[in-house]
**Student:** 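My questions all concern the structure below.
In this text, all values refer to a predicted model and were calculated from it rather than measured experimentally. All residue numbers refer to positions in the sequence shown, counting from 1.
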Amino acid sequence: MLLFALTIFSSAFLLFLVQPIIAKQILPWFGGSAAVWTTCLVFFQTALLAGYAYADAITRHLSQRRQAWLHAALLAASAASLPIVPAIAWKPVGGENPAALILGLLVVTLGLPYFLLSTTSPLLQAWFARRFPGRDPYRLFALSNVASLLALLAYPFAIEPWIATRSQAYAWSATYALFVVLCIATAWRNRGAVALSTPNDERASELLVAADRDAPSRPGADGFARAPTLARQLLWCSLAATGSVLLLATTNHITQNIAAVPLLWIVPLSLYLLTFILCFDHPRWYPREWLLPIVAAMLGVMAWCIADSRLTHELELQITVFCSGLFIVCMFCHGELARLRPAARHLTRFYLMVSLGGAIGAALVGIVAPLALPAHFELALGLIAASALLVWQVRRDPIVFGALGTMATVTAIACTVWAIVEFYDTTIVTARNFYGVLRVQQTGDSDASRHRSLVHGTIMHGVQYLAPQFRRLPTSYYTASSGIGRLLDTLHPRSAPLRVGIIGLGTGTLAAYGTPGDLYRFYDINPAVVQIAKRDFSYLADSEARIETPLGDARLTLEREPPADLDLLAIDAFSSDAIPVHLITAEALALYVRHVKADGVIAFHVTNRFLDLVPIVGALAKSQGLEAVWIHDDGGDTLANRSDWVLVSSNHALLAKPHIADAATPIEDHPAWRLWTDDFNNLFQVFRR
């Protein structure tokens, strides 16, 4: 029994520990987008489904001895794919489908080890049931989820801050090799276990169909050994799919507006796993009678928070409501799964349907939604699905539960309609792809005030006034009073044309500063942004400078290019309000220095509602022996928004000029903070209080 417990615990720990390890390795290759994690979850859920299907198939069709030999051979073969370090050849060059590239990378780098880790829990539970008849194997499922939760919590606190990302991959690979030995030993020890039933007994049990097909299974009742009907299996799948949809949609909702980093990925996933642990450990953790009203109320609150745009930027409220709501609703989904679990002889089929639901939910959010939905409506639709499941599951309970479920469903539908109507209010163009949701809004009651805004997620990324006298004026974060505006006004009196690189295109507002002979080279990873900037805004077309718009992740592009000899390189890339962390590290700054002139300037746009990034950039500059100047602009006039820019250079004379120095604010030094690198970043330090 100890061998079973150790093997299942270690497999689950490795299974969930590898998720942030591999995702963080490839995150910089794909622009630091929050969709990287969503795509990874699609792979993880699909591989889990394949593992559960394998466990179901071999336990049904192979003897225990053949199962042991087959599984041991696959485990030995999987060691050949170690270590789990993605090959450089998988780095994108600019025109690929990022989701397909990520999935292919994960299959080649991690596919077989992850697949075999996925098989461990259901397969060993089936072996356990044969070796120890009468024992409850579902307690091992709770144990595996405890191990998964420990792995997720260990990563941001005990692993990520102390171990370099590449070293994490090598350490995981070494630990996986030890797991292979442990699992082979378990298979060998149990190669002679006797099957729970003969094929004839199994066939007879499948013919026992109760009048009430949806009644929960209970130990000791005749229905406990009853073969699951197709309707029951579809219900398992639906409950699991709903929980998976809410997990991924909630994660997207949180990370797109803060940062795509493991810390924020792990919170929703940990809550999701915790519900599995509680629900499958003991029925007392799922007090159904008083939890169902809370589920109905929470569904309504979450739907309201989605619909009311006034609450969008309330960070504390959003995190509290959606994390607690995810936990409550998943307690319902997984609590119902635990109530409906079958006898041990059918547990592999149960886990297969649960994993199928998880994979379907992940695919709906990660693959189907970006193709089928114009915006992030999948969270609202997931709430409607959860409400409908609640109504279905309480249809035989006291009428009050049905009434509450119906109210939750009506509220979710009404709020979804409200959110869609509000989304399209004043919107003239929408575009959605791997990198997020873009929309162009046009507002203004008069010719003089009419303007267009580019919105990514919930954040405005540029504004242009349409009247001829205003259309060439830089606005929003780029006005003459902003840090970048002051810098360009100071640089332009030079006799030689300027060479300017800008990471992040937006509407192309900075092109308004271009003069004849200048080169403005905008780097952007999102083809939809380039298309919108050229079609729906005129900053690029109106500019007097020569404009270039290379497509692809800026950091990867700069790594491939020879030194660009730039006078200015502006770092202005955002995913909604989230920061691509790989663009604000020591390695990134070293790359930027290579592309600017000795007296050139690197300008970081660090405006953010939630994160104070100014000290991070100041520390990076200091580590390179450079001077940093912070310019905060309150955005007092109609054209301007509040902005923060940090200008980094070795050219003290330029930064000391009155037009810049008079607006500068000292940067607070934090000597105890570790320098941000590709292997380390700490969001706890920079959250605004």
**Student:** What residues form a side chain to side chain contact (heavy atoms under 4.5 Å, CB included) with Asp678, not counting sequence neighbours?
**Tutor:**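 Testing Asp678 for side chain to side chain contact (heavy atoms under 4.5 Å, CB included), a comparison that skips the adjacent residues, returns Arg555, Thr585, Glu587.
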**Student:** Is the closest side-chain donor-acceptor distance between Gln19 and Tyr155 under 3.5 Å?
**Tutor:**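 Tyr155 and Gln19 do not have a side-chain donor-acceptor pair below 3.5 Å.
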**Student:** Specify the closest pair of heavy atoms between Pro474 and Thr479, including all atoms of both residues, with the distance to one decimal.
**Tutor:**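 Minimum heavy-atom separation between Pro474 and Thr479: O-CG2, 3.5 Å.
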**Student:** Starting from the C-alpha separation in whole Å, work towards a yes-or-no answer on side chain to side chain contact (heavy atoms under 4.5 Å, CB included) for Leu498 and Tyr513.
**Tutor:** CA-CA 10 Å; Leu498 289 178; Tyr513 287 96; over 6 Å; no
**Student:** Tell me, do Val617 and Val648 make a side-chain contact under 4.5 Å, heavy atoms counted?
**Tutor:**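 The answer is yes; the side chains approach within 4.5 Å.
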**Student:** Are side-chain N/O atoms of Tyr477 and Asp572 paired as donor and acceptor at under 3.5 Å?
**Tutor:**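 Asp572 and Tyr477 do not have a side-chain donor-acceptor pair below 3.5 Å.
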**Student:** Using salt bridge (Lys or Arg N to Asp or Glu O under 4.0 Å) as the criterion, list what pairs up with Asp565, not counting sequence neighbours.
**Tutor:**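 Listed in chain order: nothing, the list is empty.
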**Student:** Considering only residues two or more places apart or on different chains, which pairs with a residue in residues 525-534 satisfy side chain to side chain donor-acceptor pair (under 3.5 Å)?
**Tutor:**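 Every pair satisfying side chain to side chain donor-acceptor pair (under 3.5 Å) with a residue in residues 525-534: Asn433-Asn526, Lys534-Thr549.
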**Student:** So Leu103 and Thr39, do their side chains get closer than 4.5 Å, heavy atoms only?
**Tutor:**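 The answer is yes; the side chains approach within 4.5 Å.
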**Student:** Could you note down all residue pairs passing salt bridge (Lys or Arg N to Asp or Glu O under 4.0 Å) where residues 244-255 supplies at least one of them, sequence neighbours left out?
**Tutor:**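 Output for this query is empty, none listed.
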**Student:** What are the two closest heavy atoms between Leu675 and Ala619, and how far apart are they?
**Tutor:**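 Looking at all heavy atoms of both residues, the closest pair is CD1-O, 3.6 Å.
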**Student:** Walk me through it: do Leu326 and Thr251 pass the test side chain to side chain contact (heavy atoms under 4.5 Å, CB included)?
**Tutor:** CA-CA 10 Å; Leu326 175 67; Thr251 303; 5.9 Å; no
**Student:** Pairs in or reaching into residues 365-382: which pass salt bridge (Lys or Arg N to Asp or Glu O under 4.0 Å), with residues at least two apart or in two chains?
**Tutor:**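 For residues 365-382, and leaving out neighbouring residues, the salt bridge (Lys or Arg N to Asp or Glu O under 4.0 Å) pairs sorted by first residue read Glu378-Arg432.
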**Student:** List the atom of Ser482, the atom of Asp633, and the distance in Å for their closest heavy-atom pair.
**Tutor:**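 It is N-OD2, 3.8 Å.
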**Student:** Not counting sequence neighbours, which residues clear ring pair (Phe, Tyr, Trp, His ring centres under 6.0 Å) with Tyr176? List them please.
**Tutor:**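 Ring pair (Phe, Tyr, Trp, His ring centres under 6.0 Å) check on Tyr176 returns Trp172, Phe179.
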**Student:** Run the ring pair (Phe, Tyr, Trp, His ring centres under 6.0 Å) test against Trp29 and tell me which residues pass, sequence neighbours left out.
**Tutor:**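 Not a single residue meets the ring pair (Phe, Tyr, Trp, His ring centres under 6.0 Å) criterion with Trp29.
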**Student:** Would you please name every residue forming a salt bridge (Lys or Arg N to Asp or Glu O under 4.0 Å) with Arg674, sequence neighbours left out?
**Tutor:**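 None.
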**Student:** Is Thr430 close to Val437 at the side-chain level, that is, under 4.5 Å between some pair of heavy atoms?
**Tutor:**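 Side chain of Val437 against side chain of Thr430, heavy atoms only: no contact under 4.5 Å found.
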**Student:** Tell me whether the rings of Phe377 and Tyr424 are parallel (<30°), tilted (30 to 60°) or perpendicular (>60°).
**Tutor:**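 Correct class here is tilted.
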**Student:** Which pair of non-hydrogen atoms, one from His605 and one from Ser643, has the smallest distance, and what is that distance?
**Tutor:**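 Minimum heavy-atom contact is NE2-CB, 4.4 Å.
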**Student:** Excluding sequence neighbours, so at least two apart, what forms side-chain hydrogen bond (donor to acceptor under 3.5 Å, both in side chains) with Thr165?
**Tutor:**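 Residues passing side-chain hydrogen bond (donor to acceptor under 3.5 Å, both in side chains) with Thr165: Asp679.
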**Student:** Under the ring pair (Phe, Tyr, Trp, His ring centres under 6.0 Å) test, which residues partner Phe44, sequence neighbours left out?
**Tutor:**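 Phe44 satisfies ring pair (Phe, Tyr, Trp, His ring centres under 6.0 Å) with Tyr114 only.
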**Student:** What closest approach, in Å, do Cys40 and Ile102 show between heavy atoms, and which atom pair accounts for it?
**Tutor:**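 Closest pair (atom of Cys40, atom of Ile102, distance): SG-CG2, 4.3 Å.
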**Student:** Report yes if the side chains of Pro92 and Phe30 come closer than 4.5 Å at any heavy-atom pair, otherwise no.
**Tutor:**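 Pro92 vs Phe30: side chains touch.
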**Student:** So Leu491 and Leu654, do their side chains get closer than 4.5 Å, heavy atoms only?
**Tutor:**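 They are in contact (side-chain heavy atoms under 4.5 Å apart), so the answer is yes.
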**Student:** Applying salt bridge (Lys or Arg N to Asp or Glu O under 4.0 Å), name anything that partners Asp669, two or more places apart in sequence or on another chain.
**Tutor:**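 For Asp669, the residues satisfying salt bridge (Lys or Arg N to Asp or Glu O under 4.0 Å) (neighbours in sequence not counted) are Lys622.
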**Student:** Can you list every pair that meets salt bridge (Lys or Arg N to Asp or Glu O under 4.0 Å) and has a residue in residues 521-531, with sequence neighbours left out?
**Tutor:**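 Residue pairs with at least one partner in residues 521-531: Arg521-Glu548, Arg521-Glu561.
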**Student:** Minimum heavy-atom separation for Ala533 to Gly506, with atom names?
**Tutor:**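 Between these two residues, the closest heavy atoms are CB-O, 3.5 Å.
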**Student:** Does the side chain of Asp553 come within less than 4.5 Å of His582's, by heavy atoms?
**Tutor:**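 The answer is yes, as the side chains (C-beta and beyond) meet within the 4.5 Å cut-off.
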**Student:** Does any part of the side chain of Leu49, heavy atoms only, come nearer than 4.5 Å to the side chain of Ile360, both counted from C-beta?
**Tutor:**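 Side chain of Ile360 against side chain of Leu49, heavy atoms only: no contact under 4.5 Å found.
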**Student:** I'd like to check Asp518 versus Glu544 (side-chain heavy atoms, cut-off strictly below 4.5 Å). Are they in contact?
**Tutor:**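 No, every pair of side-chain atoms sits at 4.5 Å or beyond.
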